[in-house]
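Note sheet for the following structure.
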Amino acid sequence: MSSGLLLAALGVVPAAQAQQSQATSSSNDEPSYRKEFTYGINFNTRGGLIGGASVRSTRVLNQDWARFWSVEAVEIKHPKEQKLGSRYGGSFVYGKSNYFFALRPSVGLQRVIFRKAPDSGVQVNVLAGAGPSIGLLMPYYISYDYSNGRTAPTTADIHNEQYDPEIHRDPLDLVVDRAPLFSGAGQTKPILGAHLRGALSFEYGRYRDAVAGVEVGFLLEAYTKDPAIIRVAQVPDKDLNDQFLPSVYLTLYLGSRN
């Protein structure tokens, strides 16, 4: 009888171990956090050295899916912008009449396509998002010498004003310098648009309550009218500037989870 009990016990142990292993595996598959907040620096093909910054809040729906909202602020530059030095020792962007900034609130979904180990490794996610684009067209001010170079200019001869190709007809000789960045902030005009993005993100880190990573993707963006970043005399603004502004971007981000 004792041998029968022993055989029964041996049969129960493997089954119990299998159930425990399955439960542990299922537990490991479940994310150990419900919310994630990240902030990052953006680099893109339509920006300068640093395109802008972004913040994102993500809520986990299940082991594979999450939804997020984000806000991104970037400067958009014209591909033909060229910075020149002036004969007065300053510098300016030839033909530039406006700065163009974009504020992009968006919502989207994220899916895990390769899950990392709980405490190390790399996780790969694919994501898609969309939302409105709020363009801000802020005048680009220059310091212009109205003495026409005939005499040594005085303070009264130099005016800070928005570059206008119809007025400032000799920028190479008479532009003294670029005026301070926010000189034309009070004349900023909004332009409405919309955007759509798709990306892959690569998450790194050893801790469940912290996250760091890289996001690489593309952005399709369009506005209701052409933002007049560059202007040339007797050339329509729409012939020099585009309403449709696609770009490729890379974002480096850090954040926390709970």
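Just the heavy atoms: all of them, side chains too, but no hydrogens, waters or symmetry mates, feed the values below.
Evaluation of the ring pair (Phe, Tyr, Trp, His ring centres under 6.0 Å) test over residues 235-258, restricted to residues two or more places apart or in two chains, returns none.
Side-chain atoms of Leu127 and Arg56, non-hydrogen and from C-beta on, do get closer than 4.5 Å to each other. For the pair Glu81 and Ile230, the minimum side-chain heavy-atom distance is below 4.5 Å. The shortest distance between side-chain heavy atoms of Tyr144 and Val175 falls below 4.5 Å. At least one side-chain heavy atom of Val216 sits less than 4.5 Å from a side-chain heavy atom of Leu250. With a 4.5 Å cut-off on side-chain heavy atoms, Asn44 and Leu219 do not count as touching.
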Show me, pair by pair, the donor-acceptor contacts under 3.5 angstrom made by side chains of residues 166-174, not counting sequence neighbours?
residue : atom : partner : partner atom : Å
Glu166  : OE1  : Arg169  : NH2          : 3.1
Glu166  : OE2  : Gln234  : N            : 3.2
His168  : ND1  : Asp164  : N            : 3.0
His168  : ND1  : Asp164  : O            : 3.3
His168  : NE2  : Glu161  : OE2          : 2.7
Arg169  : NE   : Glu166  : O            : 3.2

Only pairs under 3.5 Å count here: list side-chain donor-acceptor contacts from residues 179-192, not counting sequence neighbours, and write none if there are none.
residue : atom : partner : partner atom : Å
Ser183  : OG   : Pro180  : O            : 2.7
Gln187  : OE1  : Tyr141  : OH           : 2.5
Thr188  : OG1  : Ala185  : O            : 2.8

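Taking the charged nitrogens against the carboxylate oxygens, Glu221 and Arg104 do have a contact shorter than 4.0 Å, which makes a salt bridge.
Within a 6.0 Å sphere centred on OH of Tyr94, heavy atoms belonging to other residues, nucleotides or ligands number 12 at most.
Results of the side-chain contact (heavy atoms from CB on, under 4.5 Å) test with Tyr223 over Ile134, Leu245, Leu137, Asn241 single out Leu245 as the only residue that passes.
Note on ring orientation: taking the six-membered ring where Trp is involved, the planes of Tyr99 and Phe101 are parallel (angle under 30°, cut-offs 30° and 60°).
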